[in-house]
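Not measured: the values here are computed from a predicted model.
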Amino acid sequence: GRITEIYGPFSSGKSTIVATILASFQQKGGHAVVADGEHSYSPQWVTTFGIDPATLFVMQPPCLQDMFEQVAFLCQQLVISHSSTPVVIAVDSLSSFPTREEIEFLDDSKKKSGQTDPSRALGLHARYCAKGMRILSDLIWKSKVAIIFVSQLKENPMKMYQKAKLGGSAVDFHAVLQLHTSKLEKDDSSLTINLRCEKNKVAFPFRETSFNVVFGEGIDDSDTFIKVALEKGLLTQQQGGWYTVTKTGVRGRASDVVG
């Protein structure tokens with residue numbers, strides 16, 4: 001019954017984090033649903049993170065209003081069925097869905113009639129997001145569904161050197177957890193991501209961590225294990241990339257210690 005938002009610039013690991021969460025839900029016997037506005041979820045890509053494409057329910061609504069209606073319908077059905085199975089719904093991404101007015105304006109007859117492009121209306125996308133979030137907020141709590149919204153940080157034309165999210169502040173107000181992703185390092189085979197909790201209503205906020213994502217494999221668990229072990233004092237780092245297990249005295253490289 002909680003709303004989570006993951007936002008950040010392009011290629012900063014947002015979809016990777018979402019795919020890892022979907023895989024965790026499936027492995028624990030839950031149902032994973034994704035509203036794919038970017039048409040990027042393919043069977044080959046999701047299997048990289050351990051997702052079973054046969055049981056992954058993928059929705060591809062044509063517009064923003066349809067996306068909110070379909071998510072609300074799923075929540076309503078879960079409330080009626082009194083299902084106890086954990087369900088996660090991921091919207092990837094919120095800013096990729098056009099409004100229904102923008103799609104209808106593609107009709108040549110409306111262009112020739114002299115109608116104004118509705119996409120120029122002030123805050124059109126934000127107003128529909130605010131309306132949808134007000135409706136979903138109560139349904140999500142009643143159905144006990146975990147919903148994740150992915151938002152993109154884009155250049156703000158009104159303020160130099162600042163970025164903004166498309167869709168206004170509706171998700172900011174309704175989200176219980178907000179995670180900000182950013183790139184630290186990148187090479188040909190991996191990407192280092194920094195994850196910072198900007199808002200948290202169930203625990204302490206403003207915590208952050210970093211982890212590696214290996215292309216074609218997903219999040220590097222071994223690297224995370226080494227970092228946690230070092231923080232807890234279970235491992236001691238030696239020179240030359242060697243590690244010593246503090247209590248047992250076992251020595252070896254990172255790959256040997258994890259193994």
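In this structure, the side chains of V202 and V176 come closer than 4.5 Å at one or more pairs of heavy atoms. Looking at heavy atoms from C-beta onward, P98 lies out of side-chain contact with L64 at the 4.5 angstrom threshold. Using a 4.5 Å cut-off on side-chain heavy atoms (C-beta onward), D172 and Q178 make contact. Proximity of K183 to S11: side-chain heavy atoms (C-beta onward) are separated by under 4.5 Å at one or more points. The side-chain heavy atoms of D221 and F225, taken from C-beta on, include no pair separated by under 4.5 Å. Using a 4.5 Å heavy-atom cutoff, the side chains of I148 and V91 are not in contact. Two residues are said to be in side-chain contact when any heavy atoms from C-beta on lie closer than 4.5 Å; I6 and S151 fail this criterion. The closest side-chain heavy-atom distance from V18 to Y41 is below 4.5 Å.
Around atom CD of Q27, more than 12 heavy atoms belonging to other residues, nucleotides or ligands sit under 6.0 Å away. Counted within 6.0 Å of CZ on F73, heavy atoms from surrounding residues, nucleotides or ligands total 12 or fewer; the atom is thus considered open. No more than 12 heavy atoms of other residues, nucleotides or ligands lie within 6.0 Å of CH2 in W141, so this atom counts as exposed by the packing criterion.
Under the 4.5 Å side-chain heavy-atom criterion for grouping Ile, Leu, Val, Met, Phe, Trp and Tyr, F211 is not connected to I226 through any hydrophobic cluster. Linking Ile, Leu, Val, Met, Phe, Trp and Tyr whenever their side-chain heavy atoms come within less than 4.5 Å leaves V79 and V145 in two separate clusters. When hydrophobic clusters are built by joining Ile, Leu, Val, Met, Phe, Trp and Tyr residues whose side-chain heavy atoms come closer than 4.5 Å, directly or via intermediates, M67 is not grouped with V88. I21 and V214 are not part of a single hydrophobic cluster, where members link through side-chain heavy atoms under 4.5 Å apart. Residue W45 is grouped with residue F215 when hydrophobic side chains (ILVMFWY) are merged at heavy-atom distances under 4.5 angstrom, including chains of intermediate members.
Taken from CD1 in I219 to CD1 in I17, the straight-line distance is 6.0 Å, to the nearest 0.5 Å. Atom CD in Q44 sits 9.0 Å away from atom OG1 in T48 (nearest 0.5 Å). A distance of 8.0 Å separates CG in L191 from OG in S12, rounded to the nearest 0.5 Å. The distance from the CD atom of Q77 to the OG atom of S83 is 11.5 Å, given to the nearest 0.5 Å. If you take CZ on F25 and CD1 on I89, they are separated by 10.5 Å, rounding to the nearest 0.5 Å. Atoms CG and CE, from L94 and M133 in turn, are 8.0 Å apart once rounded to the nearest 0.5 Å.
Judged by the 6.0 Å distance and 45° axis criteria, K154 is not positioned over the aromatic ring of F10.
Between D92 and S15, the closest heavy-atom pair is OD2-OG, 2.8 Å. The shortest heavy-atom contact between A130 and A170 is CA-CB, 3.6 Å. Closest non-hydrogen pair, V46 versus P53, comes out as CG2-CB, 4.0 Å. The two residues G218 and F49 come nearest to each other via the heavy atoms CA-CE2, 3.8 Å. The two residues Y128 and F68 come nearest to each other via the heavy atoms O-CE1, 3.9 Å. The two residues C75 and S143 have their closest heavy-atom pair at O-CB, 3.5 Å.
Side-chain atoms of E102 come within 3.5 Å of backbone atoms of T99 as a donor-acceptor pair (strictly under, hydrogens ignored). Side-chain atoms of T47 come within 3.5 Å of backbone atoms of P43 as a donor-acceptor pair (strictly under, hydrogens ignored). Between the side chain of D36 and the backbone N or O of S40 there is at least one donor-acceptor pair closer than 3.5 Å. Although no hydrogens or angles enter the test, the distance criterion places no donor-acceptor pair under 3.5 Å between the side chain of K14 and the main chain of T181.
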> Going through the distances and angles, do E5 and K165 end up as a salt bridge (Lys or Arg N to Asp or Glu O under 4.0 Å)?
Replying inline: CA-CA 11 Å; E5 182 188 25; K165 292 183 296 183; 2.9 Å; yes
> Going through the checks in order, is the side-chain contact (heavy atoms from CB on, under 4.5 Å) test met by M59 and L74?
Replying inline: CA-CA 11 Å; M59 304 184 301; L74 287 176; 3.9 Å; yes
>> Set out, in order, the CA-CA distance, both residues' side-chain angles and the distance that settles side-chain contact (heavy atoms from CB on, under 4.5 Å) for I140 and D138, then state yes or no.
In response: CA-CA 6 Å; I140 291 171; D138 184 61; over 6 Å; no
> Checking side-chain contact (heavy atoms from CB on, under 4.5 Å) for the pair D66/R100: CA distance, chi angles, key distance, verdict?
Replying inline: CA-CA 8 Å; D66 287 349; R100 186 176 292 125; 2.6 Å; yes
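In this structure, a donor-acceptor pair under 3.5 Å is present between the side chains of E101 and Q65. Side-chain contact check for E38 and Q152: at least one donor-acceptor pair (N or O, by modelled atom type) lies under 3.5 Å. Side chain to side chain, S190 and N212 fail the donor-acceptor criterion of an N or O pair below 3.5 Å. Between T55 and Q26, the side chains place a donor N or O and an acceptor N or O closer than 3.5 Å (distance only, hydrogens not considered).
Apart from I135 itself, the hydrophobic cluster it occupies contains L139, where clustering links Ile, Leu, Val, Met, Phe, Trp and Tyr at side-chain heavy-atom distances under 4.5 Å. Membership of the apolar cluster around Y7 extends to L153, as traced through chained side-chain contacts below 4.5 Å between ILVMFWY residues.
Each of L195, I193, N194 was checked for a side chain to side chain contact (heavy atoms under 4.5 Å, CB included) with S210, and the lone residue meeting it is N194. With E208 as the fixed residue, the side chain to side chain contact (heavy atoms under 4.5 Å, CB included) test singles out one of H180, R196, E198: R196. Between F97 and the options C129, C63, P61, a side chain to side chain contact (heavy atoms under 4.5 Å, CB included) holds for only P61.
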